[in-house]
Amino acid sequence: MSQSYNRGTIESFGRWREFSAGMWAWIFHKFTGWVLVGYLFTHIAVLSTAIEGAEMYTNTIVTLEGLLLVRILEVGLLAVAVFHILNGLRLLLVDLGIGLESQDKSFYASVILTGAITVASVPTFIAGAF
Amino acid sequence: MSTQPPQQQSEEPAAEQSADAESTPAAQQRREDKKAADREARDKRQAEEAEREAKANEDTREIKVFRYDPEVEAKQEPRFDTFHVPFTKGMTVLDAVIYARDHFDPSLTFRHSCRQAVCGSDAFFVNGQQRLGCKTQISDLEEPIRIEPLPHQDVVKDLVVDMDHFYEEMEAVDPYFDPDETPDGELEEQRQSRANREKVKMSTRCIWCGACFSSCNIAAGDNEYLGPAALNKAYRFAMDDREGDAKTQDRLETIEQEHGVWRCQTQFSCTNVCPKDIPLTEHIQELKREAVKKNLKFW
Amino acid sequence: MYEHDVVVVGAGGAGLRAAIAADEAGADVAIVSKLHPVRSHTGAAEGGINAALRDADSWEDHAYDTMKGSDYLGDAPAIETLCQNSPYEVIQLEHWGMAFSREDDGRVSQRPFGGLSFPRTTYAGAETGHHLLHTMYEQVVKRGIEVYDEWHVLDLAVTDEERPEDRHCHGVVGYDVATGEVSGFKARDGVILATGGPGQAFDHTTNAVSCTGDGQAMAYRAGVPLEDMEFIQFHPTTLPSTGVLISEGVRGEGGILYNKDGERFMFEHGYANNDGELASRDVVSRAELTEVNEGRGIEDEYVHLDMRHLGEERILDRLENILHLAEDFEGADGLEEPMPVKPGQHYAMGGIETDENGETCVGGLYAAGECACASVHGANRLGGNALPELIVFGKRAGYHAAGKEMEPAEIETGQRGEFERATVDSPVELGEPGSLGDAVADGGAVAAGGSADADSVIDTTVETARQRIDELLNSDGIHHSEVRADVQETMTAKVNVFREEDGLKEALREIRQAREEYENVAVSDPSQTFNTDLLQTIETRNLLDLAEAITVGALARDEFRGAHWRAEHQERKDDEWLKHTLLSWNDGSPELWFRPVILEGEEKTYEPKTRSY
Amino acid sequence: MAEHYSSFTEGGRLWLWQRITAAFLVVVLAFHFFLLHFVYHADEVTFGLSAARMQTWTYYSLMVLFLITATFHGVNGVYNALINQGLTGTKRQVVKWTLVVASGILLVQGIRTANAWAGIGVF
Ligand SMILES: Cc1cc2nc3c(=O)[nH]c(=O)nc-3n(C[C@H](O)[C@H](O)[C@H](O)COP(=O)(O)OP(=O)(O)OC[C@H]3O[C@@H](n4cnc5c(N)ncnc54)[C@H](O)[C@@H]3O)c2cc1C
Ligand code: HEM
Ligand code: SF4
Ligand code: F3S
Ligand code: FES
């Protein structure tokens, strides 16, 4: 298991303030990845109502999509997915050894792009919810 | 502790020292009595002097240093001690802790030797980042300066951490040159192109300070992960043309086992903290690609 | 108690090479070092290793240059051994994979260095020592040689016969830094000291904090003479604030020294009309200090070293780490501005008296590297000659200790053969302060182990060491750092590049006083774990002995030779002084004596000539 | 730890597959999102529309492949992250098989759903 070391409660938890791009990218990628798997499981669970028949499925979906909360969550999901995709591309480039010197810039670019795409998609996502 | 002048205040009350209490031989007792007499006066004098100095030199810097000693009762509970160190131009973090040790508290413990970033003894965790004490200018840091031992390693005492695990990882990659054959003549060199030397140059600069290892979250979690420094060491030899192909294959096998290169998640923190500016992530990535190429021989 | 055939104390270049050699010769060898091997100060060497590798070069030329550089105080057998073996040893390093810089044809690069008649300084960037140290440590790992790292050696376990020449060394006493355990190390065949230099005796030095000359002090107190201690090299180009060294490589590549008025003083003030900046180190150091003393220094402290004209490409290619050093430790950008430099203590030519095989006069005790003095450097070491010394003599000591057949040495050790006793006009009593057997002040002179069997000698020594530590831990007193700082300041003020009789005597007085103060030191950290306070207190005692030895030698030698300059004696006195100064501890009351220099080489005799560059 | 590690390339294979699936997912996930949120808006989704799409063989197989890659990529990612945190021994075996079983269920359930739309029949 992880290294056994104990510095009591005195240890500085202020590390994150000194985190650099690569570290943040790692943390966000992890987080978004986990959210996506979580969603994948729920998604299939919801969709599988189709097995019970068309009625059941359409009802479930319409009810869910009718909820504002679900719509908002969907925007969040989009943000998460977009970041994971963009940073995933960044990681693929890093794996190919391309642009290692600008790995920090490409991370910032991913974040900004994610933000932009998310904001731009809000109207589409919210449409019909009211 | 009574040897410490007033500048130094612990965040926790320092308990009385209990070291010289029991069983002192008689002869020694006499000698100690004699010394003890001078001692108080001297302590007072020193304290006054230090205070005067600090006053005269208004420009002091506040450092907070991690303290811990498993054996000394007052230090068993980890804590931070604050020292005010007079600032001089060009002062490094190492200079500051040396000053604190020599003037305020002789028991302050840390490794150091060369003072010029070649021995790799004094990697500390300064203001949240792994840095070499001797290579970090105080003037570049925000106050108060927090100085801690390297994270993710067992603390032996104060700023000293147990390096054994790091050394084990370094030695697990066969860290030595191993050519298939050496030239016949005793004075015959193994030629190496400039380009090839250039390729391995940065990787040969590692001073085993352990900063990268400490900064890597994977190394912190997975105890068996070779870590950036050892992988870099493997790179140094794998990329050296003077070693034969068979050995290079061997090396690739070493680094591509489960706790080798594949664990690296390209956090880049190793590259960011390396005091020798070694492009560690780049080297690890190159090794990954070499390993993949080797395994995809079928086409 | 740990037991091995050969115990090597110290894991710098010399110690590692000795261990590898002993291992090759089939011995069970262990390295005991107070630092992990890769932390040794050999890693700081920048410039390079001298070796006559090329056809146009020859070991004879290298020997001639070395002898001339030594100002005719090197012993020819040692110098010739060095120069003959250096090429093989350097190529051996190459075979071990050392990352030397390369020429277009793939051979190792060489560059010119001060005092050399051929560019034979083989280098690996500006970090030759780093590569050398790591390459050798890698070989140690490969061979699986046992390393006790962070074990501080406190003392030698030596029998206590009357004459040092009859004594025998059976092992050492080690202190485990991590746990405070004191333990004996028995060496069945030999102990090799490779503990490096005593640079910390001075307060402005290029040497590491760990360079406290422990091995020299231990050997000295065990009866082995210290040789030519007065010869201390001051490097002309160290950064004023930290003492960090700017390699001679900068001048080798064409760097120029300027004074405050922008004069290229090495030429314009006639210090070295032929070689200018590349003259030998002592010449350049004195030139710089003279400039400063005569008011032409910058901020009355330093001069400028300029390499901007070399061009960015060349600088980045060959001197890149110099740029980093100047930036990190002095805040100067070598590409944009000249770098401030001043002389600083750099190297000790003298040390533990040995022969060409590294043997001392005490049986079973060897020394190699900077702590030893086989006398290759004489009165002045040429740049790039220390690293070959480590590998050549380290290897020989390792072989000899492991019992490999070797040619008998030509150099004699101890008070045997030709020597003369002498006295020095010291204003104070020298040597052991206070009452004998005062465990605190006592650095552990000869173990009172009798000449009985090895185990009991070691046990006695271990017991003495334990006692001493107990006393240091359990008493009250002053902190050693005061004493250390006093001695360092004294040495830098009075036993520096310029030496005057009165100053030297004053220095002896101050050292005596420091010795007396030292009797009252105590360690305030009570811990058994990583007690650096304790270890530094012990090191300070060693520095006291060495500071005294350096000053005594400097006072005795009333001539100007090599690095040793005397205000009242401005010429080299070949009639009187073609001899080594030796200082024996003599159970606490040091004795000075001399031995003639050996100038007869294998084929020729070296005739002293004026040393001009 | 100083002794040799055995040469074990499974880590390498999984690593490579993680990248290959990632590269595939970029395209398909983007397509998926685009199709279901921008071309057809969320509130317009009905059984019928899905069924119509699923009856096309190409779409059906793409979606199944999408499901398989996403499951592998996601689950392997989680497993990887846990190893990075030092998961070893029995615990690791338990987690591994739990993840495998969960993926199995996910795949079966997913394919059954697709079949329901495609009208192939739910087994
Ligand atoms: C900045 C600098 C640059 C230099 N550049 C050059 C150059 O370019 N060319 C050249 O030829 N020379 C150069 N030199 C000189 C040369 O580097 C040194 O003389 C040489 O490295 C000394 O090596 P050593 O093995 O004798 O000792 P060190 O490398 O100093 O090693 C001493 C060892 O002894 C151990 N030790 C010490 N005391 C104890 C104890 N009490 N118990 C246990 N272990 C102990 C230490 O841990 C260490 O491992 C340079 C020196 C300096 C300082
Ligand atoms: C669409 C394009 C996608 C790309 C380009 C992509 C890329 C990547 C890459 C490169 C990694 C490996 C990171 C590393 O090992 O260093 C990764 C990890 C991961 N991905 Fe994806 N991914 C994508 C979609 C998905 C989807 C749809 C899911 C959910 C099912 C997902 C879940 C995960 C998880 C859980 C991880 C592990 C995160 C961790 O380290 O904890 N990804 N992704
Ligand atoms: S790679 Fe860099 S950070 Fe890591 S041990 Fe080596 S020098 Fe230190
Ligand atoms: S920090 Fe660790 S994850 Fe890789 S890039 Fe460096 S080894
Ligand atoms: S003291 Fe040697 S690296 Fe800092």
Side-chain angles (χ1 to χ4, degrees), chain A residues 1-4 26 29-62 64-66 70-71 74-75 77-78 81-82 84-89 91-92 95-96 117 121 123-130, chain D residues 15-16 18-23 25-27 29-30 32-34 36-39 41-51 54 66-67 70-71 73-78 80-81 84-89 91-92 99 102-103 105-117 122-123:
Chain A
M1 214 42 215
S2 67
Q3 214 117 334
S4 64
W26 175 67
H29 198 81
K30 236 175 149 47
F31 173 74
T32 54
W34 284 72
V35 170
L36 286 175
V37 202
Y39 177 73
L40 180 62
F41 276 86
T42 356
H43 194 48
I44 295 296
V46 170
L47 294 185
S48 61
T49 50
I51 302 171
E52 309 295 323
E55 206 57 15
M56 178 81 176
Y57 174 77
T58 313
N59 276 345
T60 317
I61 297 293
V62 172
L64 280 175
E65 294 294 346
V70 171
R71 294 305 186 88
E74 275 186 350
V75 177
L77 179 70
L78 179 80
V82 171
H84 194 88
I85 294 177
L86 292 175
N87 191 61
L89 286 170
L91 288 177
L92 290 177
D95 284 327
L96 294 171
I117 293 180
S121 322
T124 328
F125 271 67
I126 302 293
F130 301 97
Chain D
W15 179 87
L16 190 61
Q18 185 78 355
R19 319 286 124 173
I20 294 171
T21 51
L25 284 170
V26 178
V27 185
L29 186 64
H32 185 68
F33 249 97
F34 194 69
L36 292 175
H37 286 278
F38 294 87
V39 177
H41 287 261
D43 52 344
E44 301 160 8
V45 176
T46 59
F47 183 88
L49 276 170
S50 299
M54 271 306 167
F66 180 27
L67 178 67
T71 309
H73 181 94
V75 171
N76 183 53
V78 167
N80 210 27
N84 289 343
Q85 284 316 304
L87 189 70
T88 50
K91 262 196 197 154
R92 177 160 155 184
L99 285 175
S103 321
I105 295 173
L106 186 72
L107 288 175
V108 169
Q109 195 67 357
I111 293 174
R112 285 176 72 209
T113 309
N115 287 353
W117 273 317
V122 185
F123 304 102

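Between chain A and the residues D:S103, D:A81, D:A30, the most heavy-atom pairs under 4.5 angstrom are made by D:A81. Per-residue counts of heavy-atom pairs under 4.5 Å with chain D were compared for A:L91, A:L89, A:L40, A:L64; the largest is that of A:L40. Of the listed residues (D:V78, D:V26, D:I105, D:L67), the greatest number of heavy-atom pairs within a distance under 4.5 Å of chain A belongs to D:V78. Between chain D and the residues A:D95, A:L86, A:T49, A:V70, the most heavy-atom pairs under 4.5 angstrom are made by A:D95. When each of A:V82, A:L47, A:I85 is checked for heavy-atom pairs under 4.5 Å with chain D, A:L47 comes out on top.
Separating the NZ atom in A:K30 from the CG atom in D:N84 is a distance of 6.0 Å, to the nearest 0.5 Å. Between the CZ atom of D:F47 and the CD atom of A:E55 there is a distance of 10.5 Å, given to the nearest 0.5 Å.
Both the backbone and the side chain of D:T71 have a heavy atom closer than 4.5 Å to some heavy atom of chain A. For D:L106, the parts lying under 4.5 angstrom from a heavy atom of chain A are both the backbone and the side chain. Heavy-atom distances place no part of D:A114 under 4.5 Å from chain A, backbone and side chain included. When heavy atoms are compared at a cutoff of 4.5 Å, A:A45 does not approach chain D at all.
The side-chain heavy atoms of D:T113 and A:Y57, taken from C-beta on, include no pair separated by under 4.5 Å.
Nearest approach of D:A116 to A:A50, heavy atoms of both residues: CB-O, 4.0 Å. Contact detail for D:G74 and A:V37: the closest heavy-atom pair is O-CG2, 3.8 Å.
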